[in-house]
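Values reported hereafter were calculated over all heavy atoms of this structure, with side chains retained and with hydrogens, waters and symmetry mates removed. Start at 1 and go down the list; that is how both ligands and their atoms are numbered. What you are looking at is a predicted structure, and each value in this text was computed from that prediction instead of being measured.
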Amino acid sequence: MATSGSRKEDKYSLKHMSHCVGSSRQTADSDGERSLIAPPSGEIGTSDDVTDQQQHTTGFVYVLAFFSAIGGLLFGYDTGVVSGAMLLLKKEMNLNALWQELLVSSTVGAAAVSALSGGYLNDWLGRRICILMSSFIFTVGGIIMGSAPDKVVLLVGRVTVGLGIGLASMTVPVYIAEVSPPQQRGQLVTVNSLFITGGQFISSVVDGAFSYLSPGGWRYMLGLSCLPAVLQFVGFLFLPESPRWLLQKGRSQEAQQVLSQIRGGQNVDDEYDTIKTSIEEEGKDAGAGIVFLQILNHGPTRRALIVGCGLQMFQQLSGINTVMYYSATILQMAGVRDDKQAIWLTTVTSATNFVFSLVGVWLVDKVGRRKLTLGSLLGTGLSLTLLAVGFLLSAQNSPPITLHPGDPDNSTCTQYRFCEACMLDPTCGFCFRENGTQVYDSSCVPVNPVSIDHASWGRCSNMSEVSNSPNWAYNFCPTSYSGVVLMGLILYLAFFAPGMGSMPWTVNSEIYPLWARSTGNACSAGVNWISNVLVSLTFLHIAQFLTYYGAFFLYSGLVVLGLIFVLGCLPETQGLQLEDIENLFAGQLCSCGTTTSKGNRHVHYTRVKGSNCPLSDNDASDVD
Ligand SMILES: O[C@H]1[C@H](O)[C@@H](O)[C@H](O)[C@@H](O)[C@H]1O
């Protein structure tokens, strides 16, 4: 295997490679150099190819995609459910801020570790065993959390599900991509992202429903994930391994049988030959550590890795999880004062994320990954700017503090003159009465160190449901600009979900050659989880230094960087067979030397002037 990288590098290296992957969007040049134009959708392959491939889409592929995507559902459920569970847990288990932080972040941290080690497991044991392992881990984690007698056991349960999430997040997209026919691969892999947001939506409904059950509602919230996990485990006992992995491991007969089963018993000789030839060219793979070094030494795959990791990093740097997490506060700013009502309204936020992920599934094989990602980044950037402007207007019109009570604690809180400064200090909260949009009788007092739900002394220390009792605002200020913020939030989700929410997972499942696929996905999923931890851990500090509007302006700046990155580096992979995609990263935009599922026929994807490639489908030459 050590030689396979350099062998392919020689074969595909092109002197014209200009930037990271030789973007497929460079246009024609005058001196007969290669013009790099990615195919508009529908231009890929001959119509015969497409008909050929469409015949291969069977109901069984949908069954495989559904059972695999339960992994996505569990990923979404277990990352989403904790916020609602925490509201009950912190009261019942008397959790301080550190423990709350631990119970949330430990899962994401464990997911990062298991995603990174998942590459090795995938290569070694195969996709099917990894999916079985992850559903088993989810089940065990759910049981531990649902029956936890104390916070330490709860933490063990959260780490356990984190391990399941990481493994599922990198295995499921790869499995679906490897069993799907090319023309539907985008859609089927994106179903996994739909299930992630679906899991987050279901978790918010479950959180809402069980928030009335105290004590013990959190046990149902956290334990319920066992049900889909068991369903997936049982289902996968009967479902096959990826034919590509089987072939890579030399289990050719089994691979052919599985391929024919997946393709509904049709003749799969051409597809089988294509995969086999590609594997023979690449050579057999080695251990995960070595594969990583090989990726770094092999230009096209290294470029694919940069694209894959970059996409995952920018997904998280766009602030999705901060915005989702912060949505309850945004709704409180907008005037929702009741906690329970705020929980239910966050269901609306996660429903928006879910519904717009559906748009991604619908569009991915119609407009392609590149346009979808670019459009999404543009919209995400603009809506983040709108969010920031909303926060800026709120800050500039922050209500003044009118009461300055005597201060038994000698804290800094009572010194502040405006709500904004009070809100940005994590030790203080804003206590006020209101009449419509009118804020009066306002004071800034220290927050109770045990529970952020009330002040440590004064009018807001003993909150009651009585109608004229004052309001307590921790982390937000009442504002009449909440409409702008709310609009920014909805637009953000509508633009983010179909593109940046889904495409990083989809694109990563298809850009690596088979020998590097597990490791490539492990690295990029690891980058996703690490960036997730970094963004969530830094948000409050950034907000403290830059204020909220500064933080959201910063995210929109990062989205602009993401846009430049995608413009320059992401080629279109729509409709291409997995075995042909690596050529895009070698700048070899014409599929010279590779064959497609049409068998031994060269198929032309893009025009490469001055090369030996055929210039149109009609010119495509038969080999042999
Ligand atoms: O693709 C998913 C999805 O967008 C989720 O809503 C988000 O919470 C995850 O971090 C992300 O990886």
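Near G501, meaning under 4.0 Å from one of its heavy atoms, ligand 1 places the atoms 1 (O), 2 (C), 4 (O). Less than 4.0 angstrom separates some heavy atom of W505 from each of these atoms of ligand 1: 1 (O), 2 (C), 12 (O). Annotation for ligand 1: atoms under 4.0 Å from non-hydrogen atoms of N528 are 12 (O). Taking a cut-off of under 4.0 Å to the non-hydrogen atoms of N353, the atoms of ligand 1 that pass are 6 (O). Heavy-atom proximity to F496, at under 4.0 Å, picks out these atoms of ligand 1: 4 (O).
Considering only non-hydrogen protein atoms, atom 11 (C) of ligand 1 sits nearest to Q315 OE1, 3.4 Å. Protein heavy atom in closest approach to atom 8 (O) of ligand 1: N321 OD1, 2.6 Å. Looking only at protein heavy atoms, the nearest one to atom 6 (O) of ligand 1 is Q200 OE1, 2.8 Å.
Using bins of under 30°, 30° to 60° and over 60° for the plane-to-plane angle, the ring pair W505/W529 lands in the tilted bin.
Heavy atoms of Q316 approach ligand 1 to within less than 4.0 angstrom.
Residues C569 and I306 fail the side-chain proximity criterion, which asks for heavy atoms closer than 4.5 Å.
A salt bridge is absent between K371 and E572: the closest approach of a Lys/Arg side-chain nitrogen to an acidic carboxylate oxygen does not fall below 4.0 angstrom.
The aromatic ring centres of F314 and F565 sit less than 6.0 Å apart. Between F138 and F75, the ring centre distance reaches or exceeds 6.0 Å.
Each of T139, V82, D78 was evaluated against V161; a single residue qualifies, D78, per the side chain to side chain contact (heavy atoms under 4.5 Å, CB included) test. When R244, R127, R185 are each tested for a side-chain hydrogen bond (donor to acceptor under 3.5 Å, both in side chains) with E178, only one passes: R127.
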